[in-house]
Structures are given as structure tokens and as C-alpha cells.
Undergrad: 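Input: one structure, supplied below.
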Amino acid sequence: MTLSEFWTKQNVHIGACQMGAELAYHHNTFLDKRFSIKLICLDDLPRLCRWMNDPRVAHFWQQAWSEEKQWQYLSDKLADAHTLPLIGYLDQQPFAYLEVYWAAEDKLAHYYEASVYDRGIHLLVGEQSCRGPENFRGWMTSLSHLIYQSQPQTQRIVLEPRADNARLMTRMAELGYDKQFEFDFPHKRAALLMAHKAHFYKHIFTTYGERESVI
């Protein structure tokens, strides 16, 4: 079982895949940079802990933990059959932690009518040099594109950020991720954001992406 096969299928154990391996990439012409995603590995742990301990990130993620506790969290994600814990790169710069998951297999499915091929995203940007609206528009468009291309039956992508994360919701709305409603998770007041594949390729991809990808 290759990593690309895991990317496209449900209920395949991550142990069949190689930690640290590149999963997919896309040259984003809006940024003129290569966006890529790799399965997280132990070598990423110090960097991730630095990101998680950044007050800006910790305010929303609440995971300013030790390396030991952080690796236990990541180990649980790596063992989870519906979640991929990833590091995002712009060119050669690791800059973001991402979790891409099958929403119908997640606790989120208890709060909305999830389709079997809906994908979900958790995200944080850890490197200051890669923050800002222009960078976000570019790499988030590339990530959305790679998700849609990985499984043709995926028609929707969802997020459930904290309801008070106004900056993220504003930026996501620019990319077609519209707020549906707010709801209460056990650990936070959340907002459900949802994007649709047809709208994405008609209105977003032609502005902030381009038409070739390699998976």
C-alpha cells in the first residue's frame, strides 16, 4: 500500500505508509512556489513543538505541550485510520501543520449531515515568513485542489475552527469556504465552514491556483 493509495482511500492503516514521505505537490502559479505535503515524522517534532508554543498558535490549538506529550498526540493520529497528520512546505520551507481527515469517520459527523467522501482540514501556520493573506490564498488553494484531485468523489471540504477565529473565517470565505452555522464541541464553540468542488474550480482555482498537479 503506497502513501498515495492511502491518500485516496478510507480505512487503510497508516502503518503501511512511510513517515516523512512526500504525499503530493502542486506548483502554485499565483505564488510561483511549490506547495507540498509530507506525512509527519519524528524529525518534525521539535519544529512542531516550537509552532505549538507560539502564543498566536497556542491561543487556538491549546497544545503548548512537551515533546513527549506532543509525540503521543501525533502517534495517535498516525494510528488513526481516518486522519493524515502532515507538514506543509512552500518550496523547501516547512511552514504548516495540517490534518486532513475523512469527515464521515470523525466526531464532526455528529453535528452535520456528512457525505462519505467529505474531507476535513485542521491547520496552523507556524512560520512567520509564510503568513499573510497572499501566501494563505495560494497554498490553501493548492491544498484544496490536491484534496479534490486525490478522490474524484469528494465534493465538499469542511473545517470546524473556533467560532471566535474571525481572521481565519474571513480568509477562508475568500476561498469559497462559507460559514454554515455554529455549534458546541465538548472543547470549544465551533463554526462549520464548507466548500464545494464545483464552486472552487469555477471561481477560486483559476485565480489562486493553476491547472496542473502531480499526486
Side-chain angles (χ1 to χ4, degrees), residues 3-14 17 23-24 26 35 37-40 48 52 57 60-63 73-74 76-88 96-126 136 139-165 167-201 204-205 215:
L3 193 55
S4 291
E5 287 173 324
F6 181 87
W7 173 240
T8 63
K9 296 180 181 180
Q10 291 178 281
N11 300 322
V12 179
H13 197 278
I14 198 70
C17 306
L23 174 60
H26 174 253
F35 171 75
I37 47 178
K38 296 183 180 182
L39 189 64
I40 202 163
L48 180 63
M52 287 290 192
V57 173
F60 291 106
W61 274 74
Q62 301 292 308
Q63 288 183 209
Y73 171 84
L74 293 172
D76 291 343
K77 293 299 178 184
L78 288 165
D80 189 332
H82 81 275
T83 302
L84 283 167
L86 306 165
I87 297 294
Y97 175 66
L98 309 164
E99 293 174 356
V100 177
Y101 61 94
W102 296 102
E105 304 297 322
D106 188 77
K107 61 185 178 182
L108 180 59
H110 298 296
Y111 298 89
Y112 86 108
E113 294 185 12
S115 171
V116 67
Y117 289 107
D118 285 357
R119 296 301 276 267
I121 304 171
H122 299 138
L123 62 91
L124 69 86
V125 177
F136 186 85
W139 72 258
M140 187 66 205
T141 296
S142 289
L143 176 61
S144 301
H145 172 59
L146 291 174
I147 290 172
Y148 285 128
Q149 294 300 301
S150 73
Q151 174 47 261
Q153 294 186 74
T154 293
Q155 300 296 315
R156 303 189 299 187
I157 304 174
V158 295
L159 287 89
E160 31 84 351
R162 263 178 43 172
D164 62 348
N165 196 341
R167 177 182 295 176
L168 176 61
M169 286 192 283
T170 296
R171 290 184 178 173
M172 294 302 294
E174 293 178 349
L175 302 179
Y177 286 82
D178 296 324
K179 181 178 177 180
Q180 307 298 301
F181 53 82
E182 294 186 9
F183 62 100
D184 289 315
F185 264 153
H187 63 294
K188 68 180 179 181
R189 179 71 177 174
L192 181 71
L193 309 184
M194 182 180 292
H196 296 266
K197 183 177 182 178
H199 180 272
F200 173 78
Y201 283 108
I204 307 300
F205 190 59
I215 297 178

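Treat the numbers as computed from the prediction; the structure is a model and nothing was measured. One is the number of the first residue; the rest follow in order along the sequence.
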Undergrad: Can you label the angle between the Phe185 ring and the His187 ring as parallel, tilted or perpendicular, going by 30° and 60°?
TA: parallel
Undergrad: CG/Leu175 to NE2/His199 distance, rounded to the nearest 0.5 angstrom?
TA: 10.0 Å
Undergrad: Would you give the length of the straight line joining atom CE of Met169 to atom CG of Leu193, rounded to the nearest 0.5 angstrom?
TA: 6.5 Å
Undergrad: Is atom CZ of Arg167 surrounded by more than 12 heavy atoms (other residues, nucleotides or ligands) closer than 6.0 Å?
TA: no
Undergrad: Step by step, would you call Tyr148 with Arg119 a side-chain contact (heavy atoms from CB on, under 4.5 Å)?
TA: CA-CA 9 Å; Tyr148 285 128; Arg119 296 301 276 267; over 6 Å; no
Undergrad: Search all heavy atoms of Leu168 against all heavy atoms of Pro161 and return the closest pair with its distance.
TA: CD2-CB, 3.7 Å
Undergrad: Quick one: NZ on Lys188 to CD on Gln62, what's the gap to the nearest 0.5 Å?
TA: 10.5 Å
Undergrad: Please tell me whether Tyr111 and Phe181 form a close aromatic pair, meaning their ring centres lie under 6.0 Å apart.
TA: no
Undergrad: Minimum heavy-atom separation for Pro152 and Lys197, please, with both atom names.
TA: O-NZ, 3.2 Å
Undergrad: Is there a side-chain contact between Ile157 and Phe200, using heavy atoms and a 4.5 Å cut-off?
TA: no
Undergrad: With rounding to the nearest 0.5 angstrom, report the CG to NE2 distance, Asp178 to His196.
TA: 7.5 Å
Undergrad: Ignoring hydrogens, what is the shortest heavy-atom contact between Lys179 and Ala191? Give both atom names and the distance.
TA: CE-CB, 4.1 Å
Undergrad: To the nearest 0.5 Å, tell me how far Met140 CE sits from Leu159 CG.
TA: 5.5 Å
Undergrad: Any heavy-atom pair between the side chains of His145 and Tyr201 that's under 4.5 Å?
TA: yes
Undergrad: Do Leu39 and Leu23 have side-chain heavy atoms sitting under 4.5 Å apart?
TA: no
Undergrad: So, for Ile87 and Tyr97, which heavy atoms are closest and what is the spacing to 0.1 Å?
TA: CD1-CD1, 4.3 Å
Undergrad: Please confirm whether the backbone N or O of Arg162 pairs with a side-chain atom of Asn165, one donor and one acceptor, at under 3.5 Å?
TA: no
Undergrad: Kindly give the heavy-atom pair with the smallest separation between Trp102 and Gln151, and that separation in Å.
TA: CH2-CG, 4.0 Å
Undergrad: Just verifying a value: how many Å separate Met194 CE and Gln155 CD, rounded to the nearest 0.5 Å?
TA: 12.5 Å
Undergrad: So which atom in Tyr101 and which in Ile121 form the shortest heavy-atom distance, rounded to 0.1 Å?
TA: CE2-N, 3.5 Å
Undergrad: Is the shortest heavy-atom distance from the side chain of Leu74 to the side chain of Leu48 under 4.5 Å?
TA: yes
Undergrad: Test side-chain contact (heavy atoms from CB on, under 4.5 Å) on Tyr177 and Ile204 and set out the steps.
TA: CA-CA 10 Å; Tyr177 286 82; Ile204 307 300; over 6 Å; no
Undergrad: Taking the side chain as every heavy atom from C-beta outward, state whether Gln180 and Tyr112 have any pair of such atoms under 4.5 Å apart.
TA: no
Undergrad: Do Leu124 and Met52 pass the side-chain contact (heavy atoms from CB on, under 4.5 Å) test, and can you show the C-alpha distance, the side-chain angles, and the key distance before you say yes or no?
TA: CA-CA 9 Å; Leu124 69 86; Met52 287 290 192; 3.6 Å; yes
